[in-house]
Enquirer: 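My questions all concern the structure below.
Note on naming: letters A, B, ... go to the chains in the order of the sequence lines (proteins, then strands), and numbering restarts at 1 for each one. These figures come from a predicted structure and were not determined experimentally.
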2 protein chains.
Amino acid sequence: MREVARVAGVSVSTVANVLSRPGIVAPETRLRVQQAIDRIGYVPNGAARQLRGVPSPIVGSVTLDLANPFHAEVNRGIEDGLAAAGCLVLACSTDLRPDTETRLLHLLQQQNVRGIIISPAHPDPAQLLEVSRRGTPVVLLDHPKERLDLCAVAVDDALGGRLAGEHLRELGHRRIAYLGATVDPGPVTRRREGLRQAVGEFLDVRMDVHPPSLGEAAAAAAGRIVALEPTAVVCLNDTAALGLLDGLAALGVRVPEDLSIVGYDDLPFARRLAPALTTVSQPKYQLGLAAAELLLDEGRPGHAHREVRFQPQLVVRASTAALAH
Amino acid sequence: MREVARVAGVSVSTVANVLSRPGIVAPETRLRVQQAIDRIGYVPNGAARQLRGVPSPIVGSVTLDLANPFHAEVNRGIEDGLAAAGCLVLACSTDLRPDTETRLLHLLQQQNVRGIIISPAHPDPAQLLEVSRRGTPVVLLDHPKERLDLCAVAVDDALGGRLAGEHLRELGHRRIAYLGATVDPGPVTRRREGLRQAVGEFLDVRMDVHPPSLGEAAAAAAGRIVALEPTAVVCLNDTAALGLLDGLAALGVRVPEDLSIVGYDDLPFARRLAPALTTVSQPKYQLGLAAAELLLDEGRPGHAHREVRFQPQLVVRASTAALAH
DNA sequence: TTGAAAGCGCTAACAC
DNA sequence: GTGTTAGCGCTTTCAA
């Protein structure tokens, strides 16, 4: 900046004025400074600006797994929602590990991010309230606001589970399994409860998803599921359903003749699987967009914390069928 | 920090020492300072640190579209590769728009990021060389190094196209279409050329992918493709192949009996489509991991720019078949 | 309309 | 082993 000032024959503060309040500088001077900036290829130093109190354009996004297509699309919504305000997304994955989440929250605070959008891995929100209290706005994603003093974007997960359960009941199913993981994120736990309340006999199946992928774990769980003799299985998401279809095919179990399958998320491939997957759809891009808007609103004068709530929708396809007698 | 010093009864520089060079501080003093830090809940200010020359832990990742499962997984590889060094990923999508890319590069430089990993949208790398020359390391992703003075992670795209073409030739196909977009990223263009060189009659089909999704555009292109009377179609990626299968089903065209289809990327769903998709697999997570490693190496003493090259692999499934006579 | 100067929070050289 | 001190690049009064 000093160099720009020298070349333009003005003082640093005039250069600063051209950058921050161009209206206050004489047109002729402004032009000279602009030319100097272009000639030198001057790029302002964000760190120095921040130190002077200008808010950072960076927003932290803490998700469970960026490689998961659901989260990837949510993040794209966040990115686009923030882009209008010139903000950038610092994207992090926790793999559902509370300690990783704690570490990331620390790092983000240190970076003075404008705010944090988080799908919590830790069941206790105390940590998040503390971050918020310290001055970094926090928006919950895929988590209900309840009485928390934070903004939240939520999907009615229990309803999603119930929709799947009621659909299966109507088809005559009574023994229904839920394929989840040994440790599930909040939304999956809430779906399970919604399903449990909607069905007769509920069979809880848990996968250990450590080393292999979710799909492989689901394929490997096929035998255990079949042994329980359910007539239908609801999976924690479409990827698990995909793997389960694989595993069932290997066992010679026909879907939906022998077993009905329901997925969750309605990823683009769901409609083209063999058989086309019945699933529960939830908005993805819109979730991210809403979270971005809530976060941007945090800075504004009359801001009050609020919740934006989305409804899931059952999409019936060919992987579920009426129970044969 | 001053507050911590006051509480611990030491000077700010002692606090600084505890944070940056703990070994130099007397254990007793160190403990007192640590306790003060915990009690106050002090969080260091990254901006101030940066201003003093400590490198930023943030790395920019500029991709074409974070919501694309291929890029999402690449980014996850980047994230994990950088995590070991305590770095965070600022993830951006360009949607293949050169002006967006330019804007993002500017923003990233302003943030003094440690480096930038980029899948270029702009065909001319001049801009990237300039960024690198100015002191922000740049690693090319999904782009060959060639004579550029940058590190690069590349996949042999032409080979990928050739593999698809040779597979189809062996099955007796001669009229082969390539389904791409009106404006394709570099890798897709290179695959097209590889395919063109491997087949007899090459039919170039371009989709306009602006408002709807790639899958929908591909479904809509089914009619145009059929009119060209190819016996096989290679798609720019699996998502397009998925859409095309949809469109063909609506037209009553059977795959592979009437038309063979080849995808690209081998996304998890490819093996479970109806029919299971023949596709060209390329490493995704590994690409990101390699890029992260190259970037981290940029800071080290004897660093020399180099290219890490991956080979694509043909995965034959049920969507391609020998040409009936 | 422009310039001089103070200071944001921190690090590191140096003196004690 | 600990404290004093001088900036890092910028914004923002305030004075000229």
Side-chain angles (χ1 to χ4, degrees), chain A residues 1-37 40-58 86 106-114 134-136 299, chain B residues 1-37 40-58 86 106-114 134-136 299:
Chain A
M1 192 150 155
R2 207 148 43 200
E3 174 73 355
V4 173
R6 207 182 49 69
V7 170
V10 296
S11 73
V12 278
S13 40
T14 299
V15 178
N17 283 335
V18 170
L19 262 52
S20 318
R21 302 115 40 126
I24 208 111
V25 180
E28 196 210 319
T29 317
R30 199 194 312 155
L31 184 67
R32 230 172 46 243
V33 172
Q34 275 299 356
Q35 287 171 340
I37 287 175
I40 309 204
Y42 164 76
V43 176
N45 183 325
R49 272 197 181 162
Q50 253 179 256
L51 205 53
R52 287 298 327 203
V54 176
S56 164
I58 298 180
H106 221 90
L107 280 171
L108 292 175
Q109 280 178 278
Q110 225 167 296
Q111 294 307 311
N112 302 303
V113 294
R114 166 100 52 117
R134 275 204 150 60
T136 305
Chain B
M1 193 149 156
R2 207 148 42 202
E3 174 73 358
V4 173
R6 205 182 49 71
V7 170
V10 296
S11 72
V12 278
S13 43
T14 299
V15 178
N17 283 336
V18 170
L19 263 50
S20 318
R21 300 117 38 129
I24 208 108
V25 180
E28 195 209 318
T29 317
R30 200 195 310 155
L31 185 66
R32 234 176 38 246
V33 172
Q34 275 298 356
Q35 287 172 339
I37 286 176
I40 310 204
Y42 163 75
V43 177
N45 183 324
R49 270 194 182 165
Q50 252 179 256
L51 206 52
R52 286 298 331 201
V54 175
S56 164
I58 298 180
H106 221 89
L107 281 170
L108 292 175
Q109 280 179 277
Q110 222 166 301
Q111 294 307 311
N112 302 304
V113 293
R114 166 99 54 114
R134 277 206 150 60
T136 305

Enquirer: Between A:Tyr42 and A:Leu19, is a side chain to side chain contact (heavy atoms under 4.5 Å, CB included) present by the stated rule, with each step listed?
Expert: CA-CA 11 Å; A:Tyr42 164 76; A:Leu19 262 52; 3.7 Å; yes
Enquirer: I need the CG-C1' distance between B:Asn45 and D:dC8, as an integer number of Å.
Expert: 13 Å
Enquirer: Which sits closer to the 5' end of DNA chain D, A:Asn17 or B:Ile24, going by the nucleotide each is nearest to?
Expert: B:Ile24
Enquirer: Determine the minimum heavy-atom distance between B:Ala5 and B:Ser11, stating which atoms define it.
Expert: CB-C, 3.7 Å
Enquirer: If you check every side-chain atom of B:Leu51, which of D:dT2, D:dG9, D:dT12 has the closest atom?
Expert: D:dG9
Enquirer: Separation of B:Arg32 atom CZ from D:dG3 atom C1', in whole Å?
Expert: 13 Å
Enquirer: For A:Val12 and A:Arg2, find the nucleotide of DNA chain D closest to each by heavy atoms; which residue's nucleotide sits nearer the 5' end?
Expert: A:Arg2
Enquirer: If I compare all heavy atoms of A:Gln111 with all of B:Ile58, which pair ends up nearest, and what's the gap?
Expert: OE1-CD1, 3.8 Å
Enquirer: Let's see if you can work this out: which of D:dC10, D:dG9, D:dT2 has an atom nearest to the side-chain heavy atoms of B:Ala26?
Expert: D:dT2
Enquirer: Picking from D:dA6, D:dT12, D:dT2, which would you name as closest to the side chain of A:Arg21?
Expert: D:dT12
Enquirer: Of all heavy-atom pairs between B:Gln50 and A:Ala47, which one has the smallest distance, and what is that distance?
Expert: NE2-CB, 3.6 Å
Enquirer: What is the distance, rounded to the nearest whole Å, between atom CE of A:Met1 and atom C1' of D:dT11?
Expert: 8 Å
Enquirer: Kindly give the heavy-atom pair with the smallest separation between B:Arg114 and B:Pro55, and that separation in Å.
Expert: NE-CB, 3.9 Å
Enquirer: Considering only heavy atoms and no angle criterion, is a donor-acceptor pair shorter than 3.5 Å present between the side chain of B:Ser13 and the base of D:dT4?
Expert: yes
Enquirer: Write down the atom of A:Val10, the atom of A:Arg32, and the distance for their closest heavy-atom approach.
Expert: CG1-NH2, 3.5 Å
Enquirer: When you check the phosphate oxygens OP1 and OP2 of D:dT11, does a side-chain N or O of A:Ser20 lie under 4.0 Å from one of them?
Expert: yes
Enquirer: To check you understand the geometry: which heavy-atom pair defines the closest contact between B:Arg134 and A:Ile40, and what is its length?
Expert: NH2-O, 3.1 Å
Enquirer: Just to confirm, is there a sub-4.0 Å distance from OP1 or OP2 of D:dG3 to any side-chain nitrogen or oxygen of B:Thr14?
Expert: yes
Enquirer: Heavy atoms of chain A, cut-off under 4.0 Å: which first and last nucleotide of DNA chain C, 5' to 3', fall inside that, if you could look?
Expert: C:dT1 to C:dG9
Enquirer: If you find the nucleotide of DNA chain C closest to A:Arg52 and the one closest to A:Pro27, which residue's nucleotide is nearer the 5' end?
Expert: A:Pro27
